[in-house]
2 protein chains.
Amino acid sequence: MANTSDAKPNGAPRGSTVKHIETELMNDIAAGALAPGERLDEVKLTERFGVSRTPVREALSRLVAQGILIPGEKRGVRVAQYTREELSQVFEAMHEIEAACARIAAQRLSLLARVEIEAAQAACIAAAEIGERSAYQRANEDLHEAIYRATGNPYMAELASEFRRRTGPFRAKKFATKADLVASAQSHEKLIASIFSEDSDEASNGMRAHMAVSFRQTLAAN
Amino acid sequence: MANTSDAKPNGAPRGSTVKHIETELMNDIAAGALAPGERLDEVKLTERFGVSRTPVREALSRLVAQGILIPGEKRGVRVAQYTREELSQVFEAMHEIEAACARIAAQRLSLLARVEIEAAQAACIAAAEIGERSAYQRANEDLHEAIYRATGNPYMAELASEFRRRTGPFRAKKFATKADLVASAQSHEKLIASIFSEDSDEASNGMRAHMAVSFRQTLAAN
DNA sequence: ACATTCAAGTTTGTATACAGAATGATCAAT
DNA sequence: ATTGATCATTCTGTATACAAACTTGAATGT
């Protein structure tokens, strides 16, 4: 049945619905509301967001492009799920990208970047000392993002952020105990020192060492 | 006017039309048939491929996700075009990714990978000696792809390939003279030696050095 | 001459319709 | 009981329709 006159308006309303669906789904996945391996049904999403299949589809395909969702065997898309080996490969790639960011950041370190990194680390320490897991996680993300920005290279930064989003669901359950937080914050200290040394190789090795600590915690939780 | 009975069949034919459009456009861009900055018109593509806007749109948005196209200021999409600074940033990111590949490849070097790399380099030398530019370019791509495979990490490999595609249009005009080919092939020799040393740091530095040579040629041509 | 407003023409985002594939379920035959 | 075939039921890809936003440019007023 075609629109008569009282039908829902369509056309192009303000801030792209697609973007909204995309971030909403990303949050769900990051928060674990959608478990790895779970299948997403286009029509269900259609109902949930009160839109047609077209924007849902577009949002899904963007998430697929980012590796957050993967195309199902024959049909549909599912939340990315990795075998132990795949997980370690994705993390290896992320480690290298992070290391590259640290390398470039060390080369170009600006005063602003220094301050932003120090501020984020201060927040990490504060959160670790009182054992606030979710605050620590936020501060930890901030610190890494500050390092990405410190590269002065938006392409590197975007790449790193993308991998961080992609691995988010697996890193979520990483910090089990207060001791984990403290250990992570201490690992940050060495990492930051290596970047502030302004020696590329040392910074990149520093980041690899930090990521190794971090990955050990992640693997323990998966 | 709606389908009556003799209309074109739609539904889902064989190998996704979207994929076809995507690769076709990628080729056009790589071959320079679509110049950087050029605007792509959805409707024109619709006519060219004899399909509706839906698959065209999907193909375009995938290319946007890969950074090969970029969304226009207000409307439409255009072939990615970079200022000198942006170009150097994209290349910096690519260099780091390539260096990471070299690092991992050196760590895990298998006999098969060694052979593949040597074969590709042999092809490079052969092409350089007789000054066959397009053959050299192919062999050069093969060599880099062989290194990506040598990482044993499909995520790293895909990432590197993606950046290579993205920078393709700018590297295309790189090899101006036979001397360029020979210089590139010689640079490969050192690169390969550094990877075959199975020393991570040396391999990653080796790749960075090679990419620097390569980038100098690229900048000269842009 | 310049700014402002308004109408026509494009372009985009979203909705909906529909054909063909994949899946699953029912039922007959071995 | 297991296998195989047939049919109904999703699900997916593509086509088409249409409304809102943007662009353009001409007409109007200052």
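Labels below follow one simple rule: chain letters A, B, ... track the order of the sequence lines, proteins then strands, and each chain is numbered from 1. Remember, it's a predicted structure, so these values are computed and weren't measured experimentally.
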Spacing of [X] atom [atom1] relative to [N] atom [atom2], expressed in whole Å:
X: B:Glu58; N: C:dT14; atom1: CD; atom2: P; result: 14 Å
X: B:Phe49; N: D:dT14; atom1: CZ; atom2: C1'; result: 16 Å
X: A:Leu60; N: D:dC11; atom1: CG; atom2: P; result: 14 Å
X: B:Leu45; N: C:dT12; atom1: CG; atom2: C1'; result: 15 Å
X: B:Glu42; N: D:dT16; atom1: CD; atom2: P; result: 15 Å
X: A:His20; N: C:dT14; atom1: NE2; atom2: P; result: 12 Å
X: A:Leu40; N: D:dT12; atom1: CG; atom2: P; result: 11 Å

**Message:** Please check this pair: side chain of A:Thr218 against backbone of A:Ser214, looking for a donor-acceptor N/O pair closer than 3.5 Å.
**Reply:**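 Pair found, side chain donor or acceptor close to backbone of A:Ser214.
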**Request:** Indicate yes or no for a side-chain donor-acceptor contact from A:Arg78 to the backbone of A:Gly37 under 3.5 Å, with no hydrogens or angles considered.
**Result:**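 Answer holds: yes.
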**Request:** Kindly say if A:Ser52 contacts the phosphate of C:dA15, meaning a side-chain N or O under 4.0 Å from OP1 or OP2.
**Result:**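 Yes, within the criterion.
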**Request:** Compare side-chain N and O positions of B:Thr17 against OP1 and OP2 of D:dT14 and report whether any pair is under 4.0 Å apart.
**Result:**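 Yes, within the criterion.
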Given [options], identify the nucleotide with an atom nearest to the side chain of [X].
X: B:Asp41; options: C:dT11, C:dA15, D:dA15; value: C:dT11
X: B:Arg39; options: C:dT12, C:dA15, D:dA15; value: C:dT12
X: A:Arg53; options: D:dT16, C:dT16, C:dT11; value: C:dT16
X: A:Arg57; options: C:dT14, D:dA15, D:dT12; value: D:dT12

**Spatial distance of atom CD (B:Glu24) from atom CG (B:Leu45) [nearest 0.5 Å]** =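 One gets 11.0 Å once the value is rounded to the nearest 0.5 Å.
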**Asked** Taking atom types as modelled and ignoring hydrogens, do the side chains of B:Gln89 and A:Asn153 form a donor-acceptor contact shorter than 3.5 angstrom?
**Response**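 No - no donor-acceptor pair under 3.5 Å links their side chains.
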**Request:** Using heavy atoms to find the nearest nucleotide of DNA chain D for A:Thr54 and A:Gly76 separately, return the residue whose nucleotide is more 5′.
**Result:**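 The residue closer to the strand's 5' end, by nearest nucleotide, is A:Gly76.
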**Asked** Are the aromatic ring centres of B:Phe91 and B:Phe170 under 6.0 angstrom apart?
**Response**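 No.
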